[in-house]
Visitor: 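Here it is: the structure, laid out below.
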Amino acid sequence: MKPKIILILSEIRPEFDFDSQINFIESGMLDSFDVVSLVTALDEEFNISIDGLDIVPENFSTLEAMVALLTKYGCK
Amino acid sequence: MKKNILEYFFETVDALPNKIAVSESNAKITFAQLDQSAQALANKIIATKDLIKVPIAVYLDKSIDLIIADIGITYSGNFFMNLDVKSPEDRIRNIIDLVKPTLIITDAQKVSIVKELTNSHIIQVDDLKLRDENYARIDLKRRLNKLIDTDPFCVINTSGSTGTPKGVVLNHRSYANYTRWGISKFNFNADTKLGVLSPVIFDHFHYELCLMMTTGAELVLLDNNQAMFPIKILENLKSSQVNYIFWVPTIMVNIANMDLLSRISLPELKMIWFAGEVFPTKQFNYWRAHFPESVFVNLYGPTEATVDCTFYVVDRILADDEPIPIGNSCNNTDVIILDDQNNIVDKEGEGELCIRGTSLAMGYYNNPEKTAEAFVQNPLNISYPEIIYRTGDVVEYNIYGELIFKGRKDTLIKHLGYRIELGEIEHLAINNLNLFKNACALYNQTKKEILLVYESESEIPITIIRKELSRVLPKYMIPTIIDRVDQMPRNANGKIDRALLRKMFC
């Protein structure tokens, strides 16, 4: 799952290395436009529909957080 | 009659010194404190450069400090131009080169970026002990007496097809006129609490600032980075008891699509305005169903006519497939619909919406050519000089005599509330970055996506294109979809066939 997420992230923001421990939101690597694109891309790639209540900074701040979120939706 | 927005502010400060004027996540400021800080900054500005009626740029996040800067600049007898701190440096540099602001106001965190951009004088708001010092308002008032109501209040930059934004110059009279229309029509007062989501470079933001200064309303500054997390914004509205919002439909559509209004109740929210782009009626009806008691107003207007020139208070059931009208003109503004032969359209048929009145901007800063193209003599009046603004927007009347927005005469689009000249994206990609020989930018209305189709025999990696574009374009202008063709389809005149491309890709 991780490589897929990294690929999606790197297409949205090619200038950053997402294989890192930095907080993507606090560091400004992802901004409001990116999160919208990211949610759409994750929905399409994993064939899920992320609930609005789950679209909060904590769920998108790191790779691990995104993996945990997707796992909750039954993704493998 | 007041000559200057500040004259309204003086009355508010005297009447409500201890009331909160602006709040942000961790701070609040009262009217008296805001007044003191703005005066202190004005004195610092005058001590640095003793000029009046010159542009001063503000390079700050949306914050209490930015509002102090905007009002402080006005106090100094000058006019402010808020810059987008998220824009690429090249774009900011283009704006600065065109407008040549006398001073730039920023803070410690951003001063190193500003130093890279310009040799202008820099004032750091956080350098001053603004809130602790006392300054006399009297000397500043004497300075302000030299100004008249048609002197500039602010400059707002909009996208231009040549790659450099156009700086729309707006005066005190037009902002006072629009703000007073809002107050008299909708009874805004000191109990009004506005949830401010607009970026500081939007004309909405300037109106919200004027409304606070004039009525004593409170501005609740909402973090734009939260726009990606709509539930956070809604929680914020609830805890701050916001009763009035003036938003761009994009975020409201997201909230509707995520069905967030069923999860959170906002009993205080009574006044809901939206403008900046078309609000799809299906998602609008979702909002309306959740706020049956609230007033919904659709507003329309270009920055060149001071925020908005027409409005429609939703007063009947709208079917999901029926467009929301843009209504009729605001008080003391006239809209004229002209067909291709400059004949007036009063009942049937489409035409270009043109605007007449106090709301018109003074023109584009340091740009007489573009000013002359858009601000023209009223073709219906051959007897004396009378300027109208040609919006390029095509409209028609519905059976109720309300205006309906139909589309554009050119390639200007509204995306996420921003006005974007598709030609600017093409120009920068082709001529500045030399990425392609030929490219065409298109907009998909339904998906709200910008597409860029380029001509090339071989594929260029998307990551490279995106990376290059992000050096010169702000985020909201970067195409979502990037596609390649071997050869651009062309029409009989050899021009790129945009209609065919749209069929192929949208």
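A note on names: the letters A, B, ... follow the listed sequences, proteins ahead of strands, and every chain is numbered from 1.
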Visitor: Counting a contact as any heavy-atom pair under 4.5 Å apart, which residues of residues 274-283 of chain B contact chain A?
Guide: none
Visitor: Report which part of A/Leu30 has an atom under 4.5 Å of a heavy atom belonging to chain B: side chain, backbone, both, or neither.
Guide: backbone
Visitor: Using non-hydrogen atoms only, which part of B/Lys232 is less than 4.5 Å away from chain A: side chain, backbone, both, or neither?
Guide: side chain
Visitor: For A/Ile55 versus B/Ile231, what's the shortest heavy-atom pair and its separation?
Guide: O-CG2, 4.0 Å
Visitor: Search all heavy atoms of B/Phe229 against all heavy atoms of A/Ile25 and return the closest pair with its distance.
Guide: CZ-CD1, 3.9 Å
Visitor: Does any heavy atom of chain A fall under 4.5 Å from the side chain of B/Thr480, the backbone, both, or neither of them?
Guide: neither
Visitor: Atom CD of residue position B/Glu116 - does it have more than 12 heavy atoms of other residues, nucleotides or ligands inside 6.0 Å?
Guide: no
Visitor: Nearest 0.5 angstrom please: A/Ile12 CD1 to B/Ile478 CD1, how far?
Guide: 13.0 Å
Visitor: Counting only heavy atoms closer than 4.5 Å, note whether A/Ser49 contacts chain B via side chain, backbone, both or neither.
Guide: neither
Visitor: If I measure from the heavy atoms of chain A, does B/Ile462 come under 4.5 Å with its side chain, its backbone, both, or neither?
Guide: neither
Visitor: Measure distances from B/Leu416 to the heavy atoms of chain A and classify the residue's part below 4.5 Å as side chain, backbone, both or neither.
Guide: side chain
Visitor: Does A/Asp51 reach the side chain of B/Arg263, with side-chain heavy atoms less than 4.5 Å apart?
Guide: yes
Visitor: Is atom CG of B/Asn434 surrounded by more than 12 heavy atoms (other residues, nucleotides or ligands) closer than 6.0 Å?
Guide: yes
Visitor: Inspect the surroundings of CD in A/Glu58 and state if more than 12 heavy atoms from other residues, nucleotides or ligands are less than 6.0 Å away.
Guide: yes
